[in-house]
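Here it is, the structure in full.
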Amino acid sequence: MLILIYGLAVMCWGLFRDPLSPEEAKSIFMGRHVIAEWILPCSEGMATNNPASAIESLTCAYPGSVAIAPLVVALADSFFGIYGSRLVGAILGLLLIVLVYQIGNTPLHGKRGLITAATFVFFGLPLQLSVTASAGVYAAFFVGFSLLLIESNAESRSGRQRRFLLLLAALSFALAMITNYITALFAIPFVLFVFFRYRFAAGSLFFLLPLITVLSLYGYLAVLPAWSSLHDALVISLPGGWKIPSSKFVYILGWLVMPYLLATFGIFHKEGGKNAFFMMLLASPSFLTPYISSKVGDVHTAVFISLIFLTPAAALGVDRMGEIFSSHKSMPLVKPFFVSIILIIIWVFGIQQIKELKRERPDLSPAVAFLYQKGSACTTVLVDSDYGSPEYVYRYYLEERFPPARVAPIARGNEKERRDMVISMRPDYVVVDDYHSVRSFVQVCHEYLAQGFTVAATYQMSLASGVKNVRIFQKGAL
């Protein structure tokens, strides 16, 4: 109960304090589109025949079903705002903590549910990612539920119950893959893990066959019509064309270094060492994420799922380290003392992970507040940025405040494209950020000044990549 209270407190802090991110705003707008149009699969030619419809193109290129996470967050937002959308994720996050506790409490993992749940919560990243209105926590929840059904069902239950729960596990894992396609990276090791836990016939008939059937049906109805848009949105680098910089692997390792270190100690646990090894293998596909997607959000989802697999192994590592540091002394409080020390170290690591994750989220609130205060009816805002479609953040706040306000993006444009956009859109305000290089940011600002704009406001964002400038231009003199 104390672990859940701590998790809830951390999630509530993020739920109310974190600024709206571009990923959250895009999820809400895609969900609104589904509610308004009720177009679940991407219709043939939607993205090519309607290039002006940005939200339809975004829906086509979304790596997951828009009828799950985007629809849920949009419905929650329509009733309770962004906090309602995040609250759904927070509830799933709390349920996931319970699932991880139950996984760690199975006989296969030595009935160490309390240590497993504490380790999962103290890692920090699951708590922070649970309160984002995006698909990551939904996919992680379905994976966790599937893993629990497989682990708790492997060495107990009657034959009929085992078959039913195995079928349910297959459907849950299929939902995870449909929710976020990046989950497909874990499909092959997960199926092999099922065969390790069950007989080949049972695993094939009640897990693999239902999984393939559901995914084939969904692929035919939803993925194939949108494949051209999805293919353009994904980064697929096969052997022979390795172009993924090592920095991306270092980035993933930075999130998983502590769990893998603890899981390595778990391999040497006398009771569950073999299980720890298989859990580490299950988590390893997250390092393939850069070959499938260049989006940071997909990396976070893959790491989130990896932590579900790694945490039971890490809990065994915590227990094993407690035995080593206590030198197997018979005094009853020695081992719990060292286990507590290790958990405190994990907690400090997790706090740093949360801070780092928060620093990756751009805070557009000052610009939104300025435009919200200064804008008027029919305000037109041009967003000149190449970072994660921030125009949806401005649309989320400004379209409701100033109907019919217009927000238009321009990403990675040259001087001619900027001039053409200014002529066609006639913006009242232009928001420029320096996700561009320093030289191009200065150059872009000079271009808008030359077109008759005046600097109306300037502020800075402190991100993991450094301090970034944001400059707001107003048409004409102040």
Side-chain angles (χ1 to χ4, degrees), residues 65 68 96 98-113 116 138-224 263 266-267 269 271-286 288 292 302 305-306 308-313 315-316:
S65 173
I68 302 180
L96 186 56
V98 176
L99 293 180
V100 170
Y101 169 82
Q102 293 294 340
I103 292 170
N105 217 33
T106 58
L108 293 172
H109 296 285
K111 291 187 175 295
R112 292 175 177 82
T116 306
Y138 294 79
F141 174 80
F142 290 131
V143 170
F145 186 58
S146 180
L147 181 62
L148 173 62
L149 291 174
I150 291 171
E151 294 288 68
S152 62
N153 190 34
E155 296 184 353
S156 60
R157 313 280 182 182
S158 66
R160 182 177 298 179
Q161 285 179 316
R162 293 184 67 185
R163 291 190 292 270
F164 172 75
L165 293 178
L166 193 58
L167 175 62
L168 193 60
L171 296 178
S172 181
F173 194 75
L175 274 175
M177 294 177 65
I178 292 171
T179 301
N180 192 311
Y181 300 158
I182 206 68
T183 312
L185 286 174
F186 301 89
I188 293 178
F190 199 78
V191 171
L192 295 177
F193 179 73
V194 171
F195 289 150
F196 172 74
R197 286 284 191 246
Y198 297 85
R199 294 179 179 177
F200 181 81
S204 300
L205 187 60
F206 296 102
F207 187 87
L208 182 59
L209 182 61
L211 182 66
I212 293 176
T213 302
V214 172
L215 294 179
S216 299
L217 183 61
Y218 174 78
Y220 177 76
L221 294 176
V223 176
L224 283 181
I267 293 178
H269 198 282
E271 296 179 8
K274 183 170 65 174
N275 290 323
F277 176 74
F278 281 109
M279 291 293 108
M280 292 177 68
L281 291 181
L282 277 176
S284 60
S286 59
L288 299 177
I292 303 298
I305 294 172
S306 293
I308 296 174
F309 297 132
L310 284 173
T311 299
L316 289 172

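Scope of the values below: all heavy atoms of this structure, side chains included, with no hydrogens, waters or symmetry mates. None of these values were measured; they are calculated from a predicted model. In this chain, residues are counted from 1 in sequence order.
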Examine distances only and state if a side-chain atom of S286 and a backbone atom of A283 form a donor-acceptor pair shorter than 3.5 Å.
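Yes.
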
dist T311:OG1 -> Y101:OH (nearest 0.5 Å) comes out at 15.5 Å

Is there a donor-acceptor contact under 3.5 Å from the side chain of S216 to the main chain of T213?
no

Please examine the side chains of L281 and F193, heavy atoms only from C-beta on, and report whether any two atoms are closer than 4.5 Å.
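They are not in contact (no side-chain heavy atoms under 4.5 Å apart), so the answer is no.
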
Can you establish whether the number of heavy atoms outside F195 located under 6.0 Å from its atom CZ is more than 12?
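Buried by this count: over 12 neighbours within 6.0 Å.
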
So for atom OH, which belongs to Y218, do other residues, nucleotides or ligands contribute more than 12 heavy atoms lying within a distance under 6.0 Å?
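Above 12, so yes.
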
Taking the side chain as everything from C-beta on, heavy atoms only, tell me whether L310 gets closer than 4.5 Å to M280.
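Yes, their side chains come closer than 4.5 Å.
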
Which atom pair, heavy atoms only, marks the closest approach of A139 to A176?
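Between these two residues, the closest heavy atoms are O-CB, 3.6 Å.
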
What I'd like to find out is whether the side chain of F278 reaches to under 4.5 Å of the side chain of R197, using heavy atoms alone.
no

Kindly give the heavy-atom pair with the smallest separation between F141 and L96, and that separation in Å.
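Smallest interatomic distance, heavy atoms only, reads CA-CD1, 4.1 Å.
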
Quick one: are I305 and F186 in side-chain contact, heavy atoms under 4.5 Å?
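Yes; the side chains approach each other to less than 4.5 Å.
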
Let's go through R162 and F206 carefully: what are the C-alpha distance in whole Å and the side-chain angles of both, what is the deciding distance for side chain to side chain contact (heavy atoms under 4.5 Å, CB included) to 0.1 Å, and is it a yes or a no?
CA-CA 9 Å; R162 293 184 67 185; F206 296 102; over 6 Å; no

How many angstroms lie between atom CE of M177 and atom CD1 of I182, to the nearest 0.5 angstrom?
11.0 Å

Of all heavy-atom pairs between L99 and G144, which one has the smallest distance, and what is that distance?
CD1-C, 4.0 Å

Looking at every non-hydrogen atom in both residues, tell me the closest pair between Y181 and I178 and how far apart they are.
CE2-O, 3.7 Å

Which atom pair, heavy atoms only, marks the closest approach of S204 to P210?
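Result for this residue pair: O-CD, 4.5 Å.
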
Let's go through L147 and I308 carefully: what are the C-alpha distance in whole Å and the side-chain angles of both, what is the deciding distance for side chain to side chain contact (heavy atoms under 4.5 Å, CB included) to 0.1 Å, and is it a yes or a no?
CA-CA 9 Å; L147 181 62; I308 296 174; 4.1 Å; yes

Taking every non-hydrogen atom, the tightest pair across R112 and L316:
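Reported closest heavy-atom pair: NH1-CD2, 3.7 Å.
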
Nearest 0.5 Å, what's the CZ-CZ distance between F190 and F207?
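The CZ atom of F207 is 5.0 Å from CZ of F190, to the nearest 0.5 Å.
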
Beyond-backbone contact of P285 with P189, side-chain heavy atoms, under 4.5 angstrom:
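They are in contact (side-chain heavy atoms under 4.5 Å apart), so the answer is yes.
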
Is the distance between the ring centroids of F142 and F173 under 6.0 Å?
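No: the rings miss the under 6.0 Å criterion.
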
Using side-chain heavy atoms (C-beta onward) and a distance below 4.5 Å, is Q102 in contact with E151?
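Not in contact.
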
S172 and S146: side-chain donor and acceptor closer than 3.5 Å?
no

I292 side chain near L185 side chain, heavy-atom distance below 4.5 Å:
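When only atoms from C-beta onward are counted, L185 and I292 do touch, with a gap below 4.5 Å.
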
Chi angles and distances behind the side chain to side chain contact (heavy atoms under 4.5 Å, CB included) call for L211, V191:
CA-CA 10 Å; L211 182 66; V191 171; 4.0 Å; yes

Pairwise distance CG(L171) to CG(L175) - rounded to 0.5 angstrom:
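The distance works out to 7.0 Å.
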
Side-chain contact test, heavy atoms from C-beta onward, threshold under 4.5 Å: evaluate it for L149 versus L166 and give yes or no.
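Of all side-chain heavy-atom pairs linking L166 with L149, none is under 4.5 Å.
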
